[in-house]
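Chain letters run A, B, ... following the sequence lines, proteins first, then strands; residues in each count from 1.
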Amino acid sequence: MPRLERKHSPATRFFHWANVPILAVMIWSGLLIYWANDVYAIRFRGTVVFHFFPDWFYKTFSLGRHLGEGMAWHFAFMWLFALNGVLYVLYTLISGEWRYLVPNRRTFAEAFQVVLHDLGIRKTPLPRRKFNGAQRLAYTGVIAMGLGSLLTGLAIYKPVQLGWLTRLLGGYEAARLEHFILTLGYVAFFLIHIAQVIRAGWNNFRAMVIGVELAVDGEPTYEQAERAGIAAK
Amino acid sequence: MSKPSGPGLPPSDDDFEVERQLRRSTRRGFAVGGISALAAVAGWYWVKTRAPERLVPWPLRRVLELDEKVGRALYSPARLARNFPQASATMPRVNGRVGIDPKLDLDAWRLRVEGPAGARSMTLADVKALPRFQITTELKCIEGWSNVVTWAGARLLDLAESTGLATLSGKPGDPTSRSGDLLPFAALTTPDAKYFVGLDIASALHPQTLLCYEMNGAPLTAYHGAPLRLAIPVKYGIKSLKQIGTLKFTSTQPPDYWAEKGYDWYAGH
């Protein structure tokens, strides 16, 4: 018999979806800023393999000549970005949700099995988990990246008042590059995330919108699976 | 209690109840999600289309001002821009020529210092008579590039102290210890007034804010601001006005060339 299982709390869903407009504005405005000094490129033996970014990219998204506008949006939405991240982390700590998210000693072995499964090498289904090992690594990693963006951002925003931070990150120019690379990281995360959500299917996606997931009797609840996992360590 | 159900058995009333519940939740969840998504787009569009204040939609201008308040509250003049070895200094590119007259008569040039208590006209020799300071710091362009430069000149703080013009009373002496007397802003303009910069007094009197006459060990060239320019490492390069004509201490926020063009007025580091 099917049953409904509560998977994502309203708070989790809010913090999750708030990232969409916040990151969209931060990345868009970040590109408006980056355009004014678009010096990064992948080079091989001195020749440019890929320039961040080709002209068609700026033209397609009308990114050129809007530095002031980019800064105004970036320095407004930075508050929302930071606030959403801090509140989310506090929420996971207070609610205990962090137990499902933070990697533990089984995570790496489990993540390896997930990779084998996703590559079609492991044929048996993965055990039912709210978040499997690969997800734990990804979702904790992306929070660490968020913290990284905040810190590298502050280091280039206030390089004198926060000079200790700028130095810690390798200097003003290094911090700017780190800030940029982290943003590429979000884009990579986003693409893999979308692909995995599509693979996982409608029931999983719907749970992030409505909170509940359709489960089948006989399957352990996520809490039971979590406890069993802890017991099995 | 639930009736038996499972593969091969006809669905029970409970199964239908679960499905009904799920359909209800799905409808409600996606309606809330859809409305939220529309609200977010509408919010973005609303901000973007508000009346611009100096080319920035007013809600974003308000946030820039809030950022400035936070920045000023947390500002400390004791925190210095990093000093680099002099050997790492290079010449920055000339990024702006607005307000610079390359044929300016340097002998006839005077620095005009103004405040509510009076005005003074200073020669370059008068400025050079103040203690000479040298720093090697990053010049950080608002465009995103930076360049290590060695600057030499007089501290704006020392000029304010010796002239007394940064205060309402006009009395010489350390102006930073007289908060009620100290004027809150400084304004700099080129001789032709085509380029102009506004500074909060705390940044203007930062110990590394220099009235520079030398750059990388040589007198300033015309397009780097001869005979006297500002070097203010606690701000983006847009504030380091070249070829100073007038330095004015004032009680009202001075206009700023790039703030008029849609940038943050404070632009502080």
(Q) Assess, by modelled atom type and distance only, whether the side chains of B:Gln134 and B:Gln86 contain a donor and an acceptor separated by less than 3.5 Å. (A)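 A pair is found: one side chain offers a donor N or O, the other an acceptor, under 3.5 Å apart.
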**Q.** Residues of residues 12-27 of chain A near chain B, each having a heavy atom less than 4.5 Å away
**A.**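 Within residues 12-27 of chain A, the residues that come under 4.5 Å of chain B (heavy atoms only) are A:Pro21, A:Val25.
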Q) Do any of residues 35-64 of chain A have a heavy atom less than 4.5 Å from a heavy atom of chain B, and if so, which, in residue order? A)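 Residues A:Ala36, A:Asn37 are the ones that qualify, each having a heavy atom under 4.5 Å from chain B.
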**Q.** Atom pair CZ/CG of B:Arg72 and B:Asp67 - distance to nearest 0.5 Å
**A.**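 Here the interatomic distance stands at 13.0 Å.
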**Q.** Approximate separation, where rounding is to 0.5 Å, of B:Gln253 CD and B:Leu199 CG
**A.**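 Interatomic distance, B:Gln253 CD to B:Leu199 CG, rounded to 0.5 Å: 10.5 Å.
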Q) If you look only at pairs with a residue in residues 1-10 of chain A, which of them pass as a salt bridge (charged side-chain N to carboxylate O under 4.0 Å, His left out), with sequence neighbours excluded? A)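 Residue pairs passing salt bridge (charged side-chain N to carboxylate O under 4.0 Å, His left out), neighbours aside: A:Arg3-A:Glu5, A:Arg3-A:Asp217, A:Glu5-A:Arg128, A:Lys7-A:Glu213.
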Q. With ring centroids as reference points, do A:Trp28 and A:Phe77 lie under 6.0 angstrom apart?
A.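 When the ring centroids of A:Trp28 and A:Phe77 are compared, they turn out to be at least 6.0 Å apart.
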Q.
Using the ring centroid of each side chain, check whether A:Tyr34 and A:Phe180 are separated by less than 6.0 Å.
A.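 That pair passes the under 6.0 Å test.
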Q) Does B:Trp265 offer a backbone N or O that forms a donor-acceptor pair with the side chain of B:Glu68 under 3.5 Å? A)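 Here the side-chain-to-backbone pair does not exist.
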**Q.** Short side-chain to backbone donor-acceptor contact, B:Thr209 and B:Ile232, under 3.5 Å
**A.**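 Between the backbone of B:Ile232 and the side chain of B:Thr209 there is no qualifying donor-acceptor contact (under 3.5 Å).
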Q: In plain terms, say whether A:Arg227 and A:Glu223 are close enough for a salt bridge, that is, a side-chain N and a carboxylate O under 4.0 Å apart.
A: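 Yes, this pair counts.
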(Q) If the threshold is 4.0 Å, N to carboxylate O, is there a salt bridge linking B:Arg54 and B:Asp256? (A)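 Result for this pair is no, no salt bridge flagged.
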Q: May I ask you to check if B:Lys239 and B:Tyr257 form a cation-pi contact, with NZ or CZ under 6.0 angstrom from the six-membered ring centre and within 45° of the axis?
A: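 Not flagged: B:Lys239 not positioned over aromatic ring of B:Tyr257.
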Q: Name the member of B:Thr137, B:Leu66, B:Ile142, B:Val41 that forms the most heavy-atom pairs with chain A at distances under 4.5 Å.
A: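 Most heavy-atom pairs under 4.5 Å with chain A: B:Ile142.
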Q: Please determine, among B:Lys140, B:Lys48, B:Gln208, the option with the most heavy-atom pairs under 4.5 Å with chain A.
A: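 Heavy-atom pair counts peak at B:Lys140.
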Which atoms of [X] come close to chain A, meaning under 4.5 Å heavy atom to heavy atom: side chain ones, backbone ones, both, or neither?
X: B:Pro233; answer: backbone
X: B:Val18; answer: both
X: B:Trp44; answer: both
X: B:Lys261; answer: neither
X: B:Leu74; answer: backbone

**Q.** Under 4.5 Å from a heavy atom of chain B, the part of A:Leu162 involved
**A.**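 No part of it gets close to chain B.
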Q: Please state whether the side chain, the backbone, both or neither of A:Trp164 comes within less than 4.5 Å of a heavy atom of chain B.
A: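 When you check distances to chain B, no heavy atom of A:Trp164 falls under 4.5 Å.
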Q) Does the side chain of B:Val94 reach to within under 4.5 Å of the side chain of B:Lys242, using non-hydrogen atoms? A)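 Yes, their side chains come closer than 4.5 Å.
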Extract all donor-acceptor atom pairs below 3.5 Å that involve side chains of residues 23-35 of chain B and protein atoms in other chains or at least two apart in sequence.
residue: B:Ser25; atom: OG; partner: B:Gln21; partner atom: O; Å: 3.2
residue: B:Thr26; atom: OG1; partner: B:Leu22; partner atom: O; Å: 2.6

Q: Please lay out, stage by stage, how A:Tyr100 and A:Tyr222 fare under the test ring-ring contact (aromatic ring centres under 6.0 Å, His included).
A: CA-CA 9 Å; A:Tyr100 292 95; A:Tyr222 286 126; 7.7 Å; no
For chain B, find which of [options] contributes the most heavy-atom pairs closer than 4.5 angstrom.
options: A:Arg167, A:Glu69, A:Gln161; answer: A:Gln161
options: A:Trp79, A:Tyr157, A:Trp73, A:Phe75; answer: A:Trp73
options: A:Met71, A:Glu173, A:Arg206, A:Arg176; answer: A:Arg206

Q. Taking atom CZ of A:Arg65 as the centre, does the number of heavy atoms from other residues, nucleotides or ligands within less than 6.0 Å exceed 12?
A.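 No, the 6.0 Å shell around CZ holds no more than 12 heavy atoms from other groups.
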